Amino acid sequence: MIYGTAKRLVQTVLRLYHRVEVEGMERVPEVGSLILVGNHVSYLDPFYIGAVLPRKVHYMAKKESFSRPWTCWFLRRVGAFPVNREKPDIRSLKTALNRLKEKNMVGIFPEGGRREEDPMQSLKNGATYLALKEGAPILPVYIEGTDKALPRQGKWIRPARIRIRSGS
Amino acid sequence: MIRPGAMEGRVKEEQERISRDIVDSFHRMARKKRIPLKPVLGLFIMKDKREVG
(Lines give C-alpha, C1' and ligand atoms only; values in the text may rest on other atoms or scores of the structure.)
Protein backbone atom coordinates (compact mmCIF):
# COMPACT_ATOMS: atom_id res chain seq x y z
CA MET A 1 0.00 0.00 0.00
CA ILE A 2 2.61 2.54 1.13
CA TYR A 3 5.12 1.18 -1.39
CA GLY A 4 2.62 1.35 -4.25
CA THR A 5 1.55 4.89 -3.36
CA ALA A 6 5.13 6.09 -3.01
CA LYS A 7 6.05 4.40 -6.30
CA ARG A 8 3.24 6.12 -8.19
CA LEU A 9 4.20 9.46 -6.64
CA VAL A 10 7.83 9.08 -7.69
CA GLN A 11 6.76 7.93 -11.18
CA THR A 12 4.74 11.13 -11.49
CA VAL A 13 7.73 13.24 -10.43
CA LEU A 14 9.89 11.39 -12.95
CA ARG A 15 7.42 11.97 -15.79
CA LEU A 16 6.67 15.62 -15.05
CA TYR A 17 9.96 16.89 -13.73
CA HIS A 18 12.73 14.98 -15.49
CA ARG A 19 13.59 13.55 -18.87
CA VAL A 20 13.91 9.90 -18.09
CA GLU A 21 15.32 7.12 -20.24
CA VAL A 22 14.85 3.59 -19.02
CA GLU A 23 16.45 0.61 -20.68
CA GLY A 24 16.56 -3.13 -20.10
CA MET A 25 13.74 -3.53 -17.59
CA GLU A 26 12.42 -6.44 -19.65
CA ARG A 27 15.39 -8.38 -18.27
CA VAL A 28 14.08 -8.20 -14.71
CA PRO A 29 12.60 -11.58 -13.74
CA GLU A 30 9.02 -11.26 -12.53
CA VAL A 31 9.42 -13.79 -9.74
CA GLY A 32 12.17 -15.36 -7.67
CA SER A 33 14.95 -14.13 -5.43
CA LEU A 34 17.06 -11.43 -6.98
CA ILE A 35 19.82 -9.08 -5.82
CA LEU A 36 19.78 -5.61 -7.31
CA VAL A 37 23.14 -3.84 -7.19
CA GLY A 38 23.22 -0.19 -8.11
CA ASN A 39 25.69 2.64 -8.31
CA HIS A 40 24.91 5.42 -5.88
CA VAL A 41 25.35 9.08 -6.75
CA SER A 42 22.41 10.74 -5.00
CA TYR A 43 19.78 10.20 -2.33
CA LEU A 44 17.28 9.95 -5.19
CA ASP A 45 18.73 6.71 -6.57
CA PRO A 46 16.78 4.13 -4.55
CA PHE A 47 13.51 5.96 -5.15
CA TYR A 48 14.00 6.46 -8.89
CA ILE A 49 15.29 2.92 -9.48
CA GLY A 50 12.44 1.49 -7.42
CA ALA A 51 9.92 3.53 -9.41
CA VAL A 52 10.95 2.08 -12.78
CA LEU A 53 11.39 -1.54 -11.74
CA PRO A 54 8.42 -3.88 -12.15
CA ARG A 55 8.95 -5.45 -8.71
CA LYS A 56 9.18 -4.27 -5.14
CA VAL A 57 12.74 -3.70 -3.97
CA HIS A 58 13.69 -4.37 -0.35
CA TYR A 59 16.59 -1.96 0.09
CA MET A 60 19.46 -2.37 2.47
CA ALA A 61 19.81 1.19 3.82
CA LYS A 62 22.30 2.81 6.17
CA LYS A 63 21.20 2.60 9.79
CA GLU A 64 21.48 6.38 10.19
CA SER A 65 18.45 6.71 7.91
CA PHE A 66 16.37 4.92 10.54
CA SER A 67 17.27 7.34 13.34
CA ARG A 68 14.21 9.59 12.95
CA PRO A 69 10.81 8.09 13.82
CA TRP A 70 9.08 9.25 10.64
CA THR A 71 11.75 8.03 8.23
CA CYS A 72 12.13 4.80 10.24
CA TRP A 73 8.38 4.15 9.95
CA PHE A 74 8.38 4.93 6.23
CA LEU A 75 11.48 2.90 5.39
CA ARG A 76 10.23 -0.16 7.26
CA ARG A 77 6.82 0.11 5.61
CA VAL A 78 8.43 0.08 2.15
CA GLY A 79 10.52 -2.97 3.02
CA ALA A 80 13.89 -1.37 3.74
CA PHE A 81 16.11 -2.68 6.50
CA PRO A 82 19.13 -1.11 8.22
CA VAL A 83 22.81 -1.92 7.79
CA ASN A 84 25.76 -0.76 9.85
CA ARG A 85 28.37 0.32 7.33
CA GLU A 86 31.14 0.65 9.89
CA LYS A 87 31.55 -3.08 10.49
CA PRO A 88 30.29 -6.43 9.14
CA ASP A 89 26.59 -6.48 10.03
CA ILE A 90 25.47 -10.09 10.52
CA ARG A 91 21.94 -9.08 11.46
CA SER A 92 21.48 -7.13 8.26
CA LEU A 93 22.85 -9.99 6.16
CA LYS A 94 20.45 -12.40 7.88
CA THR A 95 17.55 -10.08 7.13
CA ALA A 96 18.65 -9.90 3.50
CA LEU A 97 18.95 -13.70 3.31
CA ASN A 98 15.44 -14.10 4.74
CA ARG A 99 14.03 -11.64 2.20
CA LEU A 100 15.75 -13.61 -0.58
CA LYS A 101 14.44 -16.90 0.79
CA GLU A 102 10.95 -15.38 0.54
CA LYS A 103 11.70 -14.82 -3.19
CA ASN A 104 12.00 -11.05 -2.91
CA MET A 105 14.30 -8.61 -4.62
CA VAL A 106 16.93 -7.13 -2.30
CA GLY A 107 18.53 -3.84 -3.31
CA ILE A 108 22.12 -3.06 -2.34
CA PHE A 109 24.47 -0.22 -3.17
CA PRO A 110 27.75 -2.13 -2.78
CA GLU A 111 29.95 0.96 -2.86
CA GLY A 112 28.70 1.57 0.66
CA GLY A 113 27.63 5.16 0.05
CA ARG A 114 27.35 7.81 -2.59
CA ARG A 115 30.21 8.07 -5.11
CA GLU A 116 30.23 10.81 -7.70
CA GLU A 117 33.29 9.56 -9.58
CA ASP A 118 33.48 6.47 -11.82
CA PRO A 119 31.00 3.85 -10.67
CA MET A 120 31.96 0.71 -8.83
CA GLN A 121 35.65 1.32 -8.18
CA SER A 122 35.60 -0.63 -4.92
CA LEU A 123 32.83 -2.89 -3.71
CA LYS A 124 31.88 -4.25 -0.33
CA ASN A 125 31.31 -8.00 -0.21
CA GLY A 126 27.69 -8.12 1.00
CA ALA A 127 26.07 -8.59 -2.41
CA THR A 128 28.47 -11.31 -3.54
CA TYR A 129 28.16 -13.08 -0.18
CA LEU A 130 24.36 -13.08 -0.48
CA ALA A 131 24.50 -14.28 -4.09
CA LEU A 132 26.69 -17.23 -3.17
CA LYS A 133 24.87 -18.05 0.04
CA GLU A 134 21.39 -17.99 -1.47
CA GLY A 135 22.26 -18.78 -5.10
CA ALA A 136 20.40 -15.64 -6.16
CA PRO A 137 21.26 -13.92 -9.45
CA ILE A 138 22.54 -10.34 -9.42
CA LEU A 139 20.93 -7.62 -11.50
CA PRO A 140 23.21 -4.60 -12.06
CA VAL A 141 21.29 -1.34 -12.46
CA TYR A 142 23.13 1.79 -13.53
CA ILE A 143 21.71 5.24 -12.91
CA GLU A 144 23.06 8.60 -14.01
CA GLY A 145 21.83 12.17 -13.80
CA THR A 146 20.53 12.07 -10.24
CA ASP A 147 23.74 13.77 -9.09
CA LYS A 148 22.63 16.74 -11.21
CA ALA A 149 19.04 16.53 -9.96
CA LEU A 150 20.03 16.44 -6.31
CA PRO A 151 23.75 16.99 -5.67
CA ARG A 152 25.41 16.05 -2.41
CA GLN A 153 24.89 19.51 -0.90
CA GLY A 154 21.63 20.20 -2.74
CA LYS A 155 18.38 20.95 -0.95
CA TRP A 156 15.94 20.98 -3.86
CA ILE A 157 15.40 18.56 -6.70
CA ARG A 158 16.22 20.14 -10.05
CA PRO A 159 15.08 19.01 -13.51
CA ALA A 160 17.68 16.77 -15.11
CA ARG A 161 18.07 14.04 -17.66
CA ILE A 162 17.96 10.73 -15.82
CA ARG A 163 19.12 7.46 -17.36
CA ILE A 164 18.45 4.11 -15.76
CA ARG A 165 19.82 0.96 -17.35
CA SER A 166 19.62 -2.64 -16.36
CA GLY A 167 22.70 -4.67 -17.23
CA SER A 168 22.75 -7.91 -19.15
CA MET B 1 22.18 -10.92 -14.98
CA ILE B 2 25.16 -12.26 -13.07
CA ARG B 3 24.69 -15.76 -11.70
CA PRO B 4 26.75 -17.26 -8.91
CA GLY B 5 28.50 -20.53 -9.66
CA ALA B 6 29.24 -23.50 -7.42
CA MET B 7 31.08 -22.40 -4.31
CA GLU B 8 32.67 -25.55 -2.84
CA GLY B 9 36.14 -24.73 -1.60
CA ARG B 10 36.60 -21.57 -3.63
CA VAL B 11 34.30 -18.98 -2.15
CA LYS B 12 36.81 -16.17 -2.32
CA GLU B 13 37.60 -16.78 -5.98
CA GLU B 14 33.91 -16.91 -6.85
CA GLN B 15 33.25 -13.69 -4.90
CA GLU B 16 36.07 -12.01 -6.80
CA ARG B 17 34.70 -13.28 -10.11
CA ILE B 18 31.22 -11.93 -9.33
CA SER B 19 32.68 -8.58 -8.20
CA ARG B 20 34.64 -8.33 -11.47
CA ASP B 21 31.49 -9.13 -13.47
CA ILE B 22 29.57 -6.42 -11.58
CA VAL B 23 32.29 -3.83 -12.18
CA ASP B 24 32.57 -4.78 -15.88
CA SER B 25 28.80 -4.58 -16.28
CA PHE B 26 28.71 -1.09 -14.75
CA HIS B 27 31.58 0.14 -16.86
CA ARG B 28 29.83 -1.13 -20.01
CA MET B 29 26.62 0.64 -19.00
CA ALA B 30 28.48 3.84 -18.11
CA ARG B 31 30.18 3.85 -21.53
CA LYS B 32 26.92 3.49 -23.41
CA LYS B 33 26.27 6.93 -24.85
CA ARG B 34 23.79 8.44 -27.21
CA ILE B 35 25.37 9.33 -30.52
CA PRO B 36 24.53 12.56 -32.32
CA LEU B 37 23.51 11.77 -35.89
CA LYS B 38 23.21 15.09 -37.66
CA PRO B 39 22.42 18.64 -36.66
CA VAL B 40 18.94 19.85 -37.66
CA LEU B 41 18.29 23.56 -37.19
CA GLY B 42 21.10 23.71 -34.71
CA LEU B 43 19.85 20.77 -32.71
CA PHE B 44 21.26 17.31 -32.57
CA ILE B 45 19.04 14.36 -33.20
CA MET B 46 20.19 11.71 -30.82
CA LYS B 47 20.20 8.04 -31.60
CA ASP B 48 19.41 5.59 -28.86
CA LYS B 49 21.12 2.54 -27.56
CA ARG B 50 24.34 2.24 -29.50
CA GLU B 51 27.43 1.29 -27.67
CA VAL B 52 30.58 3.32 -28.11
CA GLY B 53 34.06 3.22 -26.68
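None of these values were measured; they are calculated from a predicted model. Every chain is numbered from 1, with letters handed out A, B, ... down the list of sequences.
Following chains of ILVMFWY side-chain contacts shorter than 4.5 Å, one cannot reach A:Val41 starting from B:Ile22, and the two form parts of different hydrophobic clusters. Under the 4.5 Å side-chain heavy-atom criterion for ILVMFWY residues, a single connected hydrophobic cluster contains both A:Ile138 and A:Tyr142. Hydrophobic clustering places A:Ile164 together with A:Tyr59 (ILVMFWY residues linked when any side-chain heavy atoms are closer than 4.5 Å, directly or through intermediates).
Here the closest non-hydrogen pair linking A:Pro137 and B:Pro4 is CA-CD, 4.1 Å. Considering all non-hydrogen atoms of both residues, B:Ser19 and A:Leu123 come closest at O-CD1, 4.0 Å. Across every non-hydrogen atom of A:Arg27 and B:Met1, the tightest pair is O-CE, 3.5 Å.
Heavy atoms from other residues, nucleotides or ligands lying under 6.0 Å from OH of A:Tyr43 number 12 at most. For CD of A:Glu26, the number of neighbouring non-hydrogen atoms (other residues, nucleotides, ligands) closer than 6.0 Å is greater than 12.
Heavy atoms of A:Leu139 lying under 4.5 Å from chain B belong to its backbone as well as its side chain. Of the two parts of A:Leu34, only the side chain, counted from C-beta on, holds a non-hydrogen atom closer than 4.5 Å to a non-hydrogen atom of chain B.
The shortest distance between side-chain heavy atoms of A:Leu132 and B:Ile18 falls below 4.5 Å.
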